[in-house]
Amino acid sequence: MGSAVSLLVPIATAVASVLFSLRSKPAGNNPTHNDIEAANRLQREQEERDRAAQAAREKAEKLAQEAEMNAQRAREAQAAMEAAQAEAKRIREAFAAADRAAEAERYQAQRREQEIREEARRAAEAAQQEALRQQQLAAEENRVAAEARRAAEEAARVAAEEARAAREAKAKVDHQLREGIQPVIMPSTADLEDAKRRIGYRDGLYHFAVAGVAGSGKSSLINALRGLRNRDAGAAATGITETTLRVARFPDSDPKNPFVWYDIPGAGTLQVRDWQYFNNQGLYVFDALVVLVDNRFTMTDVAILRNARLFGIPCYIVRSKADSHVRNLMREMGYESDDEEQDARSRAALEHVAREHFVSATRKNVQEILRGADLPEQRVYIVSNLTMLSATKGNVTSKIAKRIIDEFDFLQDLLGDAYKRRGGVAKVQGSSTAVM
Ligand SMILES: Nc1nc2c(ncn2[C@@H]2O[C@H](COP(=O)(O)OP(=O)(O)OP(=O)(O)O)[C@@H](O)[C@H]2O)c(=O)[nH]1
Ligand SMILES: *[C@@H]1O[C@H](CO)[C@@H](O)[C@H](O)[C@H]1NC(C)=O
Ligand SMILES: *[C@@H]1O[C@H](CO)[C@@H](O)[C@H](O)[C@H]1NC(C)=O
Ligand SMILES: [Mg+2]
């Protein structure tokens, strides 16, 4: 209302205004009432405030509760979070442990692997060494095998060589058996040494033996071969039956000649088997044997010829006393020795005929005897003591020359064969007589 305006209308108007106011206006509130009202309003407001406070308190309480709950929840969340963190940590630790375990495992595995690798490497190395050893062993075995093969081949070669030699030896023996050219009994070394000792054998000398029956002219031939006449000093005794009783040794009268001559006394009729006679006499020691035959062959002559052949010793058949036989033939042909000068030419002619006859008859006869004795044919040398001596000495007069038959041939063959048989080179023909 106008409280503010009234204040401006002086007092008069004051009243008037009052009245008018009073009239014109409803009546206002009672202050007391207002006061009461106010007090009541305050009261109500207080109450309202209290109520609001209570609500606020309640709300605050509720909020607090909620906060508490929230806090609780937060705590729980915290706890949960912590638990989760712990779990996470545990899990992390577990992972870490697992990692460590895995690491350890890996380490172990690595070590095992390393060990296995090492093991494998050592095994491989050992295997390699073993392989090397085996290789070396194989090489050694190869070498030994090669050696053995070579030895076997050498042995086979030697065996083959020996077999060949044995075959050859057998073939030779077979041949010799077929041909009958092998001693019945081969003398032992002791036998040979004994025989050499008995005959006074000397290395470097040629040893020639002359065999034949008593009176066949052995001593005379040896004398002639030695360059001696029967009556010369140093000559072998001749002319007496059974003069020579045992093997007699005669060095050559010329010291330049490397010859030794032997007189083998005739055994007459063989009382022992022929090979026993030959071996007992030690005839296998000689370089050559001369079988001196006079009118006929004896069993001893044949034994010497046969066994000399079996021993491979040259053996010469010599018919002695050609001069005497020719002279006898001449007489049979009518020649009288009390000849005269004018008969000289006819005598020479007769002698020539008689000699030719004697030579051919003797050769024919000897071959027949050899055939009869189952011996191969061989030459017979027909000689006389005087012509033999001339041939030996190289002093052949024209008169002697007419009477030469086989003397030079005999000398040449006897000495030449002996020389060749000892490994000498064959000399120029005829030269062998020059050394006499
Ligand atoms: N006319 C001639 N007579 C010979 C010949 N050879 C030897 N005579 C003689 O025949 C005989 C016997 O000769 P030897 O030389 O003693 O005979 P041997 O074989 O030695 O005799 P034994 O020693 O008894 O075995 C002797 O009277 C010799 O002179 C020869 O060629 N011509
Ligand atoms: C040969 O023998 C005969 C007969 O016995 C003899 O007279 C002669 O002297 C001998 N000749 C030689 C060279 O010995
Ligand atoms: C050769 O022989 C003859 C007679 O036969 C003899 O007179 C002569 O002295 C001999 N010569 C030699 C060198 O022996
Ligand atoms: Mg004699």
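When a ligand or atom number is given, it counts from 1 through the structure's own listing order.
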K.L.:
For the 3.5 Å polar cut-off, considering only N or O atoms, please tell me whether Gly215 and ligand 1 meet it.
P.N.:
yes
K.L.:
Quick one: does Asn223 get a heavy atom under 4.0 Å from ligand 2?
P.N.:
no
K.L.:
Please say whether Arg229 places an N or O atom under 3.5 Å from an N or O atom belonging to ligand 2.
P.N.:
no
K.L.:
Let me know which of Tyr419, Tyr206, Phe208 forms a side-chain contact (heavy atoms from CB on, under 4.5 Å) with Leu414.
P.N.:
Phe208
K.L.:
Please confirm whether Gly212 comes under 4.0 Å of ligand 1, counting heavy atoms of the residue only.
P.N.:
no
K.L.:
Between the Mg ion (ligand 4) and Ser219, is there an N, O or S atom separated by less than 2.8 Å?
P.N.:
yes
K.L.:
Examine Val383 against ligand 1 and note whether any of their N/O atoms are separated by less than 3.5 Å.
P.N.:
no
K.L.:
Under 4.0 Å and counting heavy atoms only, is there anything from the protein next to atom 5 (O) of ligand 2?
P.N.:
no
K.L.:
Counting heavy atoms only, which of Asn230, Asp323, Asn385 is nearest atom 3 (C) of ligand 2?
P.N.:
Asn385
K.L.:
Quick one: look at Asn230 and ligand 1, take heavy-atom pairs under 4.0 Å, and tell me if it's side chain, backbone, both or neither.
P.N.:
side chain
K.L.:
Is any N or O atom of Ser384, backbone or side chain, closer than 3.5 Å to an N or O atom of ligand 1?
P.N.:
no
K.L.:
With no hydrogens and no angle check, do the side chains of Asp301 and Thr298 hold a donor and an acceptor under 3.5 Å apart?
P.N.:
yes
